Amino acid sequence: MNYYSRHGLIGPGDGLDSSRRSSETVSKTALVTGGAGFLGSHLCNRLMRDGARVVCLDNFTTGSFENIAHLIDDPHFATVRQDVCEPLLAEVDEIYNLACPASPPHYQADPVQTMKTNVLGALNVLELAQRRDIPVFQASTSEVYGDPQLHPQPEGYWGHVNPIGPRSCYDEGKRAAETLFFDFARMHGTKIKVVRIFNTYGPRMRPDDGRVVSNFIVQALKGDDITIYGDGSQTRSFCYVDDLIEGFVRFMRAPAHVMGPINLGNPGEFTIRELADLVVDITNSRSRVVHVSLPIDDPRQRRPDITRADRLLGWQPRIPLVDGLARTIAYFDILLSAGRKALPEVVA
Ligand code: NAD
Ligand code: UDP
């Protein structure tokens with residue numbers, strides 16, 4: 001596998017050679033698939049801040065170079081443009097598998113590719129982890145619960161998922177990936193960590209990402225109509241990105257028998273109408289709220305039961321929605337004023 005840095009093409013024994021490191025704290029090398037995306041770029045930052053070397057693998061479909069541009073000159077960081085569906089060869093000590101578009105319009109744009117990314121991507125990271133006997137972390141999702149009939153959702157709930165609808169490529173793809181993870185653990189003793197992420201937001205979401213928080217903020221800041229799908233009575237629980245990444249790190253550091261699945265999300269539950277009102281208030285926007293049709297199979301209600309995360313990881317989210325929204329709005333405000341696609345330098 002070749003790695004790219006601002007200095008050109010480098011090999012694993014070159015740019016990632018630990019003998020070149022000045023810091024004693026550089027302990028291990030993490031592979032982050034989907035590392036140029038919203039969550040992946042925050043994770044790369046956090047791992048490097050904690051003293052790791054990071055290899056970011058991404059095909060840049062929904063991720064962007066801007067998200068990782070601030071890391072590219074760091075000798076502890078390398079990036080490789082590759083599809084996670086291709087077999088992986090990398091001399092790394094741990095793997096975080098985040099590669100997959102997360103926004104409904106993006107994952108539905110090419111549903112076959114989404115399913116392949118989930119299933120073949122999981123297989124490839126698992127085979128690498130098994131070969132090297134290293135831990136592998138899977139970014140699963142609250143979508144495995146589908147349109148839940150149990151509320152809030154604990155990890156023991158098997159879900160209520162349409163296997164043939166427009167969301168299925170993502171929901172069933174993530175479910176199949178979880179299956180592969182637990183089969184590898186049972187068959188080969190692979191060291192797995194499976195997290196189920198509930199709606200997470202923050203700086204470095206793309207302005208055209210299509211998910212609700214970024215849509216509403218961009219619409220409010222531009223004075224465009226705020227598009228509520230349906231009547232806005234459906235609920236979601238919104239977690240700020242820094243809280244989520246703290247949960248990832250704690251989970252990876254937890255003992256090997258802690259394999260998950262573990263829900264990570266903020267249990268504060270809001271209707272989409274309440275979210276629109278909050279965004280309008282904080283931005284002081286004059287945008288109108290308009291209602292458009294509700295997408296097929298849009299889940300009615302969603303809130304994580306985070307008892308397990310609290311018990312096993314000592315994790316609870318700390319950043320309330322209003323504070324996280326204010327930070328995210330400040331980011332988008334600068335981004336839109338500057339006419340840029342991403343502003344990695346304004347967040348830690
Ligand atoms: P994102 O779209 O910003 O990031 C996904 C990244 O994966 C992008 O950089 C994209 O280019 C890359 N990618 C996509 N397909 C790939 C492929 N075949 N090979 C290599 N790279 C590929 O989304 P995100 O919000 O950062 O989500 C990251 C992960 O977390 C995803 O797996 C997603 O399913 C999961 N997740 C996120 C949320 C959330 O609220 N943000 C919720 C549940 C699950
Ligand atoms: N939504 C909305 N307006 C938008 C985007 C989304 O009302 O511009 C709604 C969407 O129908 C869903 C909720 O907000 O009920 C969360 O949507 P998102 O795409 O962010 O995430 P997901 O549906 O995957 O939880």
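On a predicted model such as this, the values are computed, not experimentally measured, just so you know. Atoms within a ligand are numbered from 1 in the order they appear, just like the ligands themselves.
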For N215, is at least one N or O under 3.5 Å away from an N or O on ligand 2? yes
closest protein heavy atom to atom 37 (C) of ligand 1 is L39 CD1, 3.6 Å
What is the closest protein heavy atom to atom 34 (O) of ligand 1, and at what distance does it sit? Y170 OH, 2.5 Å
Which part of Q301 is near ligand 2, with near meaning a heavy atom under 4.0 Å away: side chain, backbone, both or neither? neither
Using a 4.0 Å heavy-atom cut-off, which part of R211 comes near ligand 1: side chain, backbone, both, or neither? side chain
How does R211 reach ligand 2, by side chain, by backbone, by both or by neither, if only non-hydrogen atoms under 4.0 Å count? both
Quick one: does Q219 get within less than 4.0 Å of ligand 2, heavy atoms only? no
Logged contact type for V213 with ligand 2, heavy-atom cut-off 4.0 Å, is neither
Nearest-option assignment for atom 8 (C) of ligand 1, heavy atoms, candidates T62, L57, V84: T62
Numbering as shown, the atoms of ligand 1 that approach G34 to under 4.0 Å (heavy-atom distance): 6 (C), 7 (O), 9 (O), 12 (C)
Flag the pair E143 and R167 as a salt bridge only when some basic side-chain nitrogen lies within less than 4.0 angstrom of an acidic carboxylate oxygen. yes
Cation-pi check for Y240 against R327: NZ or CZ below 6.0 Å from the six-membered ring centre and within 45 degrees of the axis, yes or no? yes
Basic-acidic side-chain contact under 4.0 Å: R46, E246: yes
For atom 28 (C) of ligand 1, the option (of V80, L98, N97) bearing the nearest heavy atom: L98
Answer with side chain, backbone, both or neither: which part of I272 has a heavy atom less than 4.0 angstrom from an atom of ligand 2? side chain
The closest protein heavy-atom partner of atom 17 (C) of ligand 1 is N59 ND2, 3.2 Å
Distance from atom 40 (O) of ligand 1 to nearest protein heavy atom, with residue and atom: T200 N, 2.8 Å
Output yes when E178 and R175 qualify as a salt bridge under the 4.0 Å nitrogen-oxygen rule, no when they do not. no
Return a yes/no value for N199: is any of its N or O atoms, backbone included, closer than 3.5 angstrom to an N or O of ligand 1? no
Are any of the N/O atoms in S142 less than 3.5 Å from those in ligand 1? no
Nearest neighbour in protein (non-hydrogen) for atom 4 (O) of ligand 1: G37 CA, 3.5 Å
Minimum non-hydrogen distance to atom 44 (C) of ligand 1, winning option of A177, C85, S140, G202: S140
P104, any N or O under 3.5 Å of ligand 2 N or O: no
Before signing off on this row, confirm whether A99 and ligand 1 have an N or O atom pair separated by under 3.5 Å. no
Minimum-distance protein heavy atom relative to atom 23 (O) of ligand 1: A102 CB, 3.5 Å
Would you say G35 has any N or O atom under 3.5 Å from an N or O of ligand 1, going by distance alone? no
Need the ligand 1 atom indices (1-based, order shown) with element for anything under 4.0 Å from a heavy-atom of P101. 2 (O), 14 (C), 15 (N)
Side-chain heavy atoms of I217 within contact of D333, under 4.5 Å: no
Does an N or O from K174, backbone or side chain, lie closer than 3.5 Å to an N or O of ligand 1? yes
Ring geometry between Y96 and F137 (parallel below 30°, tilted from 30 to 60°, perpendicular above 60°): tilted
From the candidates D83, V32, I197, the one that places a heavy atom nearest atom 43 (C) of ligand 1: I197
Shortest protein contact, atom 3 (O) of ligand 1 (heavy atom only): F38 N, 2.9 Å
Can you see whether Q219 engages S287 through a side-chain donor-acceptor pair at a distance of less than 3.5 angstrom? no
Taking only Lys NZ, Arg NE, NH1 and NH2, and the carboxylate oxygens of Asp or Glu, determine whether D50 and K28 approach each other closer than 4.0 Å. no
Would one find an N or O of S64, backbone or side chain, under 3.5 Å from an N or O of ligand 1? no
Looking only at protein heavy atoms, which one is nearest to atom 9 (O) of ligand 1, and how far off is it? D58 OD2, 2.5 Å
For F60, atoms of ligand 1 separated by under 4.0 Å from a heavy atom: 11 (O)
So the atoms of ligand 1 within less than 4.0 Å of a heavy atom of T61 turn out to be 10 (C), 11 (O), 13 (N), 14 (C), 15 (N)
For ligand 1, does R206 get within less than 4.0 Å through its side chain, its backbone, both, or neither, judged by non-hydrogen atoms? neither
Using a strict cut-off of 4.0 Å, indicate which atoms of ligand 1 neighbour a heavy atom of G63. 8 (C), 9 (O), 10 (C), 11 (O)
So for ligand 2, is R302 a polar contact partner (N or O within less than 3.5 Å, distance only)? yes
